[in-house]
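We count ligands from 1, going down the list as the structure has it; atoms in each ligand are counted the same way.
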Amino acid sequence: MKTDIEISQAVELKPIVQIAEKIGLAADDLELYGKYKAKVGYETIQKLNSRNDGKLILVTAINPTPAGEGKSTVTIGLADALNQLDCQTMIALREPSLGPVMGVKGGATGGGYAQVLPMEDINLHFTGDMHAITTANNALSAFIDNHIHQGNTLNIDSRRVIWKRVVDLNDRALRQVIVGLGGPVQGVPREDGFDITVASEIMAILCLATDIDNLKARLGNIVIGYTYDRKPVTVSQLGVQGAMALLLKDALKPNLVQTIEGTPAFVHGGPFANIAHGCNSVLATQSALKLADYVVTEAGFGADLGAEKFLDIKVPHLSKAPDAIVIVATIRALKMHGGLAKDALANEDTEALKRGFSNLKQHIENMQQYNIPVIVAINQFVSDTEAEFDVLTQLCQELNVTVRRANVWGEGGKGGLDLAKAVVEAIKQQPSNYQRLYQDSQSIEEKTQAIVEKIYHGKKVNFSAKAKAQLKTFEQYGWQHLPVCMAKTQYSFSDDATKLGAPKDFEVTIREFVPKLGAGFIVALTGDVMTMPGLPKTPAGLNMDVTSDGQAVGLF
Ligand code: ADP
């Protein structure tokens with residue numbers, strides 16, 4: 001069987017100018033990054049404003065397991081299938097982070113015959129957005145340390161600087177560091193730490209900003225820490241939002257690429273869904289809605305994280321909510337949720353499947369709360385049996401939810417035609433009537449409770465002493481109207497990664513809140529979730545190489 005990279009390298013790519021024509025964009029609308037990648041400029045994006053919106057399809061999934069779900073693969077294959085049905089469709093996906101690429105995953109550009117290309121470029125340095133985000137973030141760190149060193153007129157308490165440095169790698173050794181060592185000329189020593197770039201507030205800001213002015217305003221609102229008398233200090237007080245926006249001016253423009261079948265795809269912005277808000281950029285999704293009749297987009301990890309944040313944090317910044325939600329599940333992963341060990345997944349086991357269905361069921365019911373049509377896509381693996389497929393179909397039908405098998409990994413768009421027809425039908429039959437989970441006017445405590453009770457189905461939320469004290473001060477600062485962005489393990493509905501299926505009677509503990517005033521939300525840290533991952537014992541990077549003529553090897 002061919003690997004993802006072998007399949008992708010055998011494809012003859014079309015010039016990106018030709019792909020752009022499919023969505024009505026001319027060469028002048030593009031800023032080319034070689035032959036096969038382009039950014040779309042601000043002038044073009046502005047011109048689109050007056051157009052009508054297409055239909056928006058959100059692809060999400062059950063809680064991930066090591067068995068794999070294939071959300072990006074289904075997103076890409078579904079879009080290819082819609083185009084085969086003559087529905088003019090484009091994709092809006094996230095950019096991969098080098099942390100997981102080098103660590104566990106290998107890539108984030110889909111798989112098999114449902115991939116976005118050129119996969120090496122997209123998975124590695126692409127158009128430099130990650131570099132720009134990392135640099136803007138670290139420029140702010142340098143400005144902060146310099147301000148303290150040069151006399152600290154803002155009275156910043158160096159023990160209470162909350163702004164961290166970032167790097168787009170999994171590097172646990174950098175989680176906690178001390179900067180400024182070496183004597184008076186090297187700055188003022190203080191504790192600092194690194195997050196992964198995709199967990200940074202700059203990434204969230206880039207993904208939520210609607211234009212350059214909005215980007216600059218958001219950057220100015222970032223709270224970097226507190227003064228000795230506990231007042232928040234913002235970037236606008238430091239006066240560096242202009243410099244930071246300048247560093248991000250090109251990164252904010254959506255990147256256009258193509259699928260194996262030539263479907264146009266925006267791949268732009270890439271926050272993680274477990275420690276950040278998990279959706280691609282508003283600018284890319286919004287532009288895609290103006291350029292195509294159907295837009296397929298994806299939110300990270302399971303629907304308890306990515307989709308909840310898409311619906312409660314991102315949608316208020318879009319001109320419309322999704323018209324349909326596709327929940328991706330695999331028979332293998334559901335069997336793992338039902339207690340089957342990873343090495344036994346190839347065996348038929350309808351009992352484990354029935355037990356593990358509890359996970360999918362809860363995601364279906366959760367998504368239905370938003371009043372948007374829900375469709376289940378079974379991402380087909382070669383080990384699936386007909387008996388298992390029949391059981392899963394029956395279980396979905398008992399919930400009155402449409403379910404379709406998709407083999408886009410093996411067949412590309414052709415393997416997703418049934419799913420695509422069902423999605424188009426669902427959109428026609430049942431109008432979406434989006435309802436948010438909570439209101440801005442509710443307190444941060446109430447919003448957190450709403451997510452834990454209505455999405456995770458936990459019994460109770462506990463707030464640590466620190467979190468309680470923060471809630472009080474945030475109220476004084478007038479931040480309680482902001483939405484809550486949960487930082488939680490992706491593997492379980494609970495804050496304990498080992499509780500699979502649909503755990504009941506658990507409590508969720510909020511360890512700490514982190515204000516992200518530029519992004520416009522408050523992050524709630526649960527359990528021991530880390531904003532800087534580590535590498536596994538055998539990192540994916542060990543399989544990677546490059547040939548003497550510059551071809552990538554082993555990138556999944
Ligand atoms: P997610 O978006 O859920 O993280 P991806 O779509 O990135 O998952 O897929 C993860 C990996 O699983 C990819 O390498 C892909 O090739 C593989 N994969 C996805 N679907 C299938 C399938 N149906 N059969 C075999 N491998 C698959």
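- Partner of Asp129 under the salt bridge (Lys or Arg N to Asp or Glu O under 4.0 Å) criterion, out of Lys39, Arg94, Lys253, Lys37: Lys39 alone.
- For ligand 1, the atoms lying closer than 4.0 Å to a non-hydrogen atom of Glu298 are 2 (O).
- Phe521 pairs by the ring-ring contact (aromatic ring centres under 6.0 Å, His included) definition with His277, not counting sequence neighbours.
- Panel note: side chain Thr297, backbone Ala92; a donor-acceptor pair is recorded below 3.5 Å.
- No donor-acceptor pair closer than 3.5 Å links the side chain of Thr197 to the backbone N or O of Met130.
- Less than 4.0 angstrom separates some heavy atom of Asp4 from each of these atoms of ligand 1: 13 (C), 14 (O), 15 (C), 16 (O).
- Considering both main-chain and side-chain atoms, Gly70 comes within under 3.5 Å of ligand 1 through a nitrogen or oxygen pair.
- For ligand 1 and Gly111, the ligand atoms under 4.0 Å from any heavy atom of the residue are 15 (C), 16 (O).
- With values rounded to the nearest 0.5 angstrom, His125 atom NE2 is found 10.0 Å from Asp168 atom CG.
- Using a 4.0 Å cut-off between heavy atoms, Gln380 contacts ligand 1 through its backbone alone, with no side-chain atom that close.
- Atoms of ligand 1 found under 4.0 Å from any heavy atom of Thr73, numbered from 1 in the order shown, are 5 (P), 6 (O), 9 (O), 19 (C).
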